[in-house]
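Chain naming here is simple, since letters A, B, ... match the order of the sequence lines and numbering starts at 1 in each.
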Amino acid sequence: MKLNELNIFKNEKETLDFIRTNNLNLVSKTSSFEIKILTQIENLFLNYFQGKKLNLYDEIKNLQIELEIKAKFKTEFTQKVINALLDLKSGEITTYYDIGNKINSKAYRAIGNVCKSNPIPLIIPCHRVLRKNGEIGGFMGKSDKTWETDLKKQLLRIEGYKI
DNA sequence: CTACGCTCAGATA
DNA sequence: TATCTGAGCGTAG
């Protein structure tokens with residue numbers, strides 16, 4: 001099974017709007033094999049949201065799910081950023097500045113842009129990257145005080161990081 | 001080539 | 001402290 005996108009919505013209405021505008025079905029032509037995998041994914045995230053320390057990237061791969069992210073991250077720069085992100089464990093944080101140091105680049109803003117284009121938040125943990133001055137920074141394309149940045153804080157709290 | 005952005009450091013009040 | 005400004009650099013158009 002392949003996964004190329006993980007979307008997070010503000011509320012049920014936004015979720016339903018997305019499903020409608022993209023002509024999606026909640027469950028369509030789903031085989032029992034797929035149901036089994038989907039159930040495992042559901043349990044994985046339930047555990048994660050209850051505070052269990054999990055490496056979602058590893059867990060997803062263990063379920064034999066292929067992540068279709070190569071097309072999006074094909075330059076050396078973007079791959080370095082992604083690899084640096086994947087090194088982060090649950091409860092661990094870093095900064096855009098530190099990632100820059102790690103990959104030998106001062107393109108801090110460009111690093112943020114890579115995070116912005118992350119099609120699978122949580123699994124590639126962009127939420128663990130903060131600004132150097134301690135501010136929360138952006139999340140899922142949004143900055144300032146938005147539900148997205150609130151969610152970023154919540155995720156860190158769930159992972160046990162004091163914020 | 002130009003414009004843009006999940007940034008940073010420095011300046012100013 | 002809060003807000004602004006320019007530097008900096010990869011990417012999309």
**Student:** Show me the pairs that pass side chain to side chain donor-acceptor pair (under 3.5 Å) and involve residues 101-122 of chain A, at least two apart or across chains.
**Tutor:**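 Qualifying pairs, neighbours excluded: none.
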**Student:** Taking Watson-Crick (N1-N3 plus N6-O4 or O6-N4) and G-U wobble (N1-O2, O6-N3), each under 3.5 Å, can you produce the dot-bracket string of DNA chain B? Use [ ] for crossing pairs and | for inter-strand ones.
**Tutor:** |||||.|||||||
**Student:** Which residue, A:S143 or A:K132, contacts DNA chain B at a nucleotide closer to its 5' end, judged by nearest heavy atom?
**Tutor:** A:S143
**Student:** May I have the distance from A:K74 (atom NZ) to C:dG10 (atom P), rounded to whole angstrom?
**Tutor:**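 Checked: the NZ to P distance equals 17 Å.
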**Student:** Please classify the nucleic acid contact of A:T75 as base, sugar-phosphate, or nothing, using heavy-atom distances under 4.0 Å.
**Tutor:**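 Sugar-phosphate only.
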**Student:** What is the distance from CZ of A:F73 to P of C:dG10, rounded to the nearest Å?
**Tutor:**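 That distance rounds to 17 Å.
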**Student:** A:I82 has an atom CD1; how far is it from atom P of C:dT11, in whole Å?
**Tutor:**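 Rounded to whole Å, this separation is 11 Å.
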**Student:** Verify the contact: side-chain N or O of A:S105 to OP1 or OP2 of C:dC9, cut-off strictly under 4.0 Å; return yes or no.
**Tutor:**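 For C:dC9, neither OP1 nor OP2 has a side-chain N or O of A:S105 closer than 4.0 Å.
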**Student:** One pair to check against side chain to side chain contact (heavy atoms under 4.5 Å, CB included): A:L155 and A:Y48. What are the steps and the verdict?
**Tutor:** CA-CA 10 Å; A:L155 291 170; A:Y48 170 74; 3.8 Å; yes
**Student:** Please round to the nearest 0.5 Å and tell me the distance separating atom SG of A:C115 and atom CZ of A:F139.
**Tutor:**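 If we round to the nearest 0.5 Å, A:C115:SG and A:F139:CZ are 9.5 Å apart.
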**Student:** Do other residues, nucleotides or ligands put more than 12 heavy atoms under 6.0 Å from the NZ atom of A:K53?
**Tutor:**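 Count over threshold, so yes.
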**Student:** From CD of A:E135 over to P of C:dT3, roughly how many Å is that when rounded to an integer?
**Tutor:**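 Result: 10 Å.
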**Student:** Are A:I8 and A:L122 packed together at the side-chain level, in the sense that at least one heavy-atom pair is separated by less than 4.5 angstrom?
**Tutor:** yes
**Student:** Quick check: does any side chain N or O of A:N22 sit under 3.5 Å from a backbone N or O of A:L24, one acting as donor and the other as acceptor?
**Tutor:** no
**Student:** Applying side chain to side chain contact (heavy atoms under 4.5 Å, CB included) between A:P125 and each of A:I93, A:T94, A:L86, report the one that passes.
**Tutor:**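 Answer to the side chain to side chain contact (heavy atoms under 4.5 Å, CB included) test with A:P125 among A:I93, A:T94, A:L86: A:L86.
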**Student:** How would you list, by chain and number, every residue that makes a salt bridge (Lys or Arg N to Asp or Glu O under 4.0 Å) with A:D17, sequence neighbours excluded?
**Tutor:** A:K13, A:R20
**Student:** Any residue in residues 108-115 of chain A with a heavy atom nearer than 4.0 angstrom to DNA chain C? Just list them by number, or reply none.
**Tutor:** A:R109, A:A110, A:N113
**Student:** For A:Q79, what residues pass the side chain to side chain contact (heavy atoms under 4.5 Å, CB included) criterion, not counting sequence neighbours?
**Tutor:** none
**Student:** A:D144 has an atom CG; how far is it from atom C1' of C:dA2, in whole Å?
**Tutor:**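 Distance check: A:D144 CG to C:dA2 C1' gives 14 Å.
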**Student:** Checking side chain to side chain donor-acceptor pair (under 3.5 Å) between A:E159 and each of A:K52, A:K89, A:R128, which is the one that passes?
**Tutor:** A:R128
**Student:** Give one of base, sugar-phosphate or nothing for A:K116, where a contact means two heavy atoms less than 4.0 Å apart.
**Tutor:**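 The answer is base, as A:K116 lies within the cut-off (heavy atoms under 4.0 Å) of a base atom.
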**Student:** Quickly work out the A:N133 CG to C:dT3 P distance and round it to whole Å.
**Tutor:**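 After rounding, the reported distance stands at 13 Å.
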**Student:** Using a cut-off of 4.0 Å on non-hydrogen atoms, how would the nucleic acid contact of A:G100 be classed: base, sugar-phosphate, or nothing?
**Tutor:** nothing
**Student:** Regarding A:E148 and A:K152, does a basic nitrogen lie under 4.0 Å from an acidic carboxylate oxygen?
**Tutor:**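 Result for this pair is no, no salt bridge flagged.
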**Student:** On DNA chain B, reading 5' to 3', which nucleotide is the first and which the last to sit with an atom under 4.0 Å from a heavy atom of chain A, could you check?
**Tutor:**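 The protein-touched segment is B:dG5 to B:dA9.
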**Student:** Heavy atoms under 4.0 Å, any strand shown: does A:T78 hit a base, just sugar-phosphate, or nothing?
**Tutor:**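 Answer is sugar-phosphate: A:T78 comes under 4.0 Å of backbone atoms only.
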**Student:** Does any N or O in the side chain of A:S143 come within less than 3.5 Å of the main-chain N or O of A:G138, such that one atom is a donor and the other an acceptor?
**Tutor:** no
